Participant: 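Here you go, one structure.
Values in this document were obtained by computation on a predicted structure and should not be read as measured data.
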Amino acid sequence: MRPSEHVLDMFAVPGDLEPLPGGQGHSVRAGDLVLSPGRDEPTQSRLNPHLARLAAELDTRRGRDRRDLRIAMPVPARDGNWVVDGWGATRYEPGTRRLTDLTAVRAVGAVLHAELARVVRSWSPAAQPPTGRWAVAERIAFGDIGLPEGLPADVRHLAERLAEARDDTPLGRAQLVHGDLAGNVLLDPDGAPVVIDVAPYWRPALWAEATCVLDGVTDLDADPAVMTELTKGAPRQAMLRAALFRLLSDRPAHAPVLESALAPVLAGLGA
């Protein structure tokens, strides 16, 4: 997948492209920008002004330490739009490497969500959610809509176990969260974490953390023993919803991998 000449022109970048991780494997570097496909225009038009202001504030905050949180700066096209033919842009961060230590990523998430809760008080897409598979899976995970028909047998079996184990334990107040944090935190040359590819959801931060932990175990080779922290009470309920979200949004679905990672959480449930 390559951005068209129209996209490159609107973001005022050259056509000499460098493939990058992220954007479902289709992000590219073009000049001093990272272009990523599959961006929903209404969502990005709502999200990016908040992120741009927060990114600038974090970079210029009085008393800032060089290793404090940063956010990749979103960049609009020449016409002021945040999305062109499904492509969005952020400022390229040279010299970065991916942060894979789950403990550190969770700490970044805690700071990020505290900052987002401070600056974003409402989120209109919560009332009119996008219709992509991730948005649908998130709504199913929280019981807003039921399980779909036609799921593969192993996926349906696990999904039903997870759904039946949910209860009404409070998870905390809803706020703007990054629902795909694991794998989307970089370290800049000064050691500051740089959050990229914010996947916005209006849900409790505990759910976003549970999703991060699950992704860390399945994708970042984190110690599976971390799952024992989320086997009771609200953390367990958050993990059940995180697992449903991943099970129903991943393509292809990896039910055996998820079921193995979730063993401590699923202990005691019927087969």
Participant: Indicate the ring-plane relationship of F245 and Y201, choosing parallel, tilted or perpendicular according to the 30° and 60° boundaries.
Facilitator: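 Geometry flag for Y201 against F245: perpendicular rings.
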Participant: Above 12 or not: heavy atoms from other molecules or residues under 6.0 Å from CG of D16?
Facilitator: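 Counting other residues, nucleotides and ligands, CG of D16 stays at 12 neighbours or fewer.
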Participant: How about CZ on R97, more than 12 heavy atoms from neighbouring residues, nucleotides or ligands closer than 6.0 Å, or not?
Facilitator: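 Check fails, neighbour count at 12 or below.
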Participant: Do you know which two heavy atoms are closest between T169 and G233, and how far apart they sit?
Facilitator: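 Where T169 meets G233 most closely, the heavy atoms are CG2-C, 4.2 Å.
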Participant: Indicate if L58 and L187 have the same hydrophobic cluster label, given that clusters are the connected sets of ILVMFWY residues with side-chain heavy-atom separations under 4.5 angstrom.
Facilitator: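 Same hydrophobic cluster.
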Participant: Provide the closest heavy-atom pair for T90 versus P74 in the form atom of the first, atom of the second, distance.
Facilitator: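 Scanning both residues completely, I find the closest heavy atoms to be CG2-CA, 3.9 Å.
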Participant: Ignoring hydrogens and geometry, is there a side-chain-to-backbone donor-acceptor pair from H178 to I196 under 3.5 Å?
Facilitator: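 Yes, because the side chain of H178 sits within donor-acceptor range (under 3.5 Å) of the backbone of I196.
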Participant: Given side chains that start at C-beta, do those of P76 and N48 come closer than 4.5 Å, heavy atoms only?
Facilitator: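 Answer no - side chains too far apart.
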Participant: In Å and rounded to the nearest 0.5 Å, what is the CG to CZ distance from N184 to R98?
Facilitator: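 Separation between the atoms: 8.5 Å.
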Participant: Donor-acceptor pairs under 3.5 angstrom involving side-chain atoms of residues 142-156: please list them, not counting sequence neighbours.
Facilitator:
{"from": "D144", "atom 1": "OD2", "to": "R203", "atom 2": "NH2", "distance (Å)": "2.6"}
{"from": "R156", "atom 1": "NH1", "to": "E160", "atom 2": "OE2", "distance (Å)": "3.2"}
{"from": "R156", "atom 1": "NH2", "to": "P148", "atom 2": "O", "distance (Å)": "2.3"}

Participant: Can any side-chain N or O of R64 pair as donor or acceptor with the backbone N or O of L69 at less than 3.5 Å?
Facilitator: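 Side chain of R64 to backbone of L69: a pair is present.
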Participant: Does any non-hydrogen side-chain atom of D9 lie less than 4.5 Å from one of R78?
Facilitator: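 In short, these two side chains touch, coming nearer than 4.5 Å.
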Participant: Identify the two heavy atoms, one from A182 and one from C212, that lie closest to each other, and give their separation to 0.1 Å.
Facilitator: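 Residues A182 and C212, closest heavy atoms: CB-O, 3.8 Å.
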Participant: Applying side-chain contact (heavy atoms from CB on, under 4.5 Å), run through L116 and H50 and close with a yes or a no.
Facilitator: CA-CA 9 Å; L116 290 174; H50 291 298; over 6 Å; no
Participant: Is there a donor-acceptor contact under 3.5 Å from the side chain of S45 to the main chain of P42?
Facilitator: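 No: the side chain of S45 does not pair with the backbone of P42.
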Participant: Would you mind reporting whether T211 and D180 have side-chain heavy atoms less than 4.5 Å apart?
Facilitator: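 Not in contact.
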Participant: Atom CG of L171 and atom CZ of R236: how far apart are they, to the nearest 0.5 Å?
Facilitator: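 The CZ atom of R236 is 12.5 Å from CG of L171, to the nearest 0.5 Å.
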Participant: Between OG of S260 and CE of M227, what distance do you get to the nearest 0.5 Å?
Facilitator: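 The OG atom of S260 sits 9.5 Å away from the CE atom of M227.
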Participant: Which atom pair, heavy atoms only, marks the closest approach of L240 to A165?
Facilitator: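 Here L240 and A165 meet closest at CD1-O, 3.5 Å.
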Participant: Quick one: side chain to side chain donor-acceptor pair (under 3.5 Å) partners of R2, sequence neighbours excluded?
Facilitator: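 Not a single residue meets the side chain to side chain donor-acceptor pair (under 3.5 Å) criterion with R2.
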Participant: Decide yes or no for D197 and S36: does some side-chain heavy atom of the first lie under 4.5 Å from some side-chain heavy atom of the second?
Facilitator: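 Sidechains of S36 and D197: in contact.
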Participant: Would you sort out whether I71 and V194 count as a side-chain contact (heavy atoms from CB on, under 4.5 Å), showing the intermediate values?
Facilitator: CA-CA 5 Å; I71 296 173; V194 184; over 6 Å; no
Participant: Any heavy-atom pair between the side chains of V84 and P3 that's under 4.5 Å?
Facilitator: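 Answer no - side chains too far apart.
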Participant: If you group Ile, Leu, Val, Met, Phe, Trp and Tyr by side-chain heavy-atom gaps below 4.5 Å, do L214 and L220 land in one group?
Facilitator: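 In one cluster: no.
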Participant: Kindly give the heavy-atom pair with the smallest separation between L99 and A104, and that separation in Å.
Facilitator: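 Closest approach of L99 to A104: CD2-CB, 3.9 Å.
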Participant: Quick one, R67 with D190, criterion salt bridge (charged side-chain N to carboxylate O under 4.0 Å, His left out). Give me CA distance, side-chain angles, the key distance, then yes/no.
Facilitator: CA-CA 6 Å; R67 292 171 294 181; D190 289 327; over 6 Å; no
Participant: Below 4.5 Å, heavy atoms only, C-beta onward: do E41 and W82 meet side chain to side chain?
Facilitator: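 No; the side chains remain at least 4.5 Å from each other.
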Participant: In Å and rounded to the nearest 0.5 Å, what is the CG to CH2 distance from L8 to W87?
Facilitator: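 If we round to the nearest 0.5 Å, L8:CG and W87:CH2 are 8.5 Å apart.
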Participant: Below 4.0 angstrom, N of the basic side chain to O of the carboxylate: do E57 and R53 qualify?
Facilitator: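 A salt bridge is absent here (no side-chain N lies under 4.0 Å from a carboxylate O).
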Participant: Test side-chain contact (heavy atoms from CB on, under 4.5 Å) on V111 and V108; report intermediate values, then the result.
Facilitator: CA-CA 5 Å; V111 176; V108 170; 6.0 Å; no
Participant: side-chain contact (heavy atoms from CB on, under 4.5 Å) between L266 and L162: does it pass, once the steps are laid out?
Facilitator: CA-CA 8 Å; L266 296 174; L162 294 168; 3.8 Å; yes
Participant: Tell me, please, which residues at least two apart from D188 pass salt bridge (Lys or Arg N to Asp or Glu O under 4.0 Å).
Facilitator: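 In terms of salt bridge (Lys or Arg N to Asp or Glu O under 4.0 Å), with neighbours along the sequence ignored, D188 is linked to R70.
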Participant: Taking the basic N atoms (NZ, or NE/NH1/NH2) and the acidic carboxylate oxygens, is any pair closer than 4.0 Å for R106 and E229?
Facilitator: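 Answer for the salt bridge query: yes.
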Participant: Please examine the side chains of L47 and L176, heavy atoms only from C-beta on, and report whether any two atoms are closer than 4.5 Å.
Facilitator: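 Answer yes - side chains close enough.
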Participant: Quick one: does D40's side chain get under 4.5 Å of V83's, heavy atoms only?
Facilitator: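 No, their side chains stay 4.5 Å or more apart.
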Participant: Working to the nearest 0.5 angstrom, can you tell me the gap between R61 CZ and D68 CG?
Facilitator: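 Nearest 0.5 Å value for the CZ-CG distance: 8.0 Å.
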Participant: Treat each ILVMFWY residue as a node, draw an edge where side-chain heavy atoms are under 4.5 Å apart, and state whether V136 and L258 are in one component.
Facilitator: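 Both belong to a single hydrophobic cluster.
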Participant: Is there a continuous path of hydrophobic side-chain contacts, each under 4.5 Å between heavy atoms, that joins L33 to V7?
Facilitator: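 Yes: a chain of side-chain contacts under 4.5 Å links L33 to V7.
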Participant: In terms of hydrophobic clusters joined by side-chain contacts under 4.5 Å, are L54 and M73 together?
Facilitator: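 No, it is not one cluster - the side chains of L54 and M73 are not joined through contacts under 4.5 Å.
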Participant: As an exercise, state the distance from CD of Q237 to CG of L230, rounded to the nearest 0.5 Å.
Facilitator: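 Taking CD in Q237 and CG in L230, the distance rounds to 11.5 Å.
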Participant: Donor-acceptor pair, D250 side chain versus P252 backbone, under 3.5 Å?
Facilitator: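 Such a contact is absent between D250 side chain and P252 backbone.
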Participant: Would you say the side-chain atoms of Q175 pair up with the backbone N or O of H113, donor to acceptor, closer than 3.5 Å?
Facilitator: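 Side chain of Q175 to backbone of H113, a donor-acceptor pair under 3.5 Å: yes, one is there.
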Participant: Looking at every heavy atom in both Y92 and V34, which two are closest together, and how far apart are they?
Facilitator: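 Closest approach of Y92 to V34: CD1-CG2, 3.7 Å.
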Participant: Salt-bridge test for R246 and E138: reply yes if a basic N is under 4.0 Å from a carboxylate O, no otherwise.
Facilitator: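 No, no charged N to carboxylate O under 4.0 Å.
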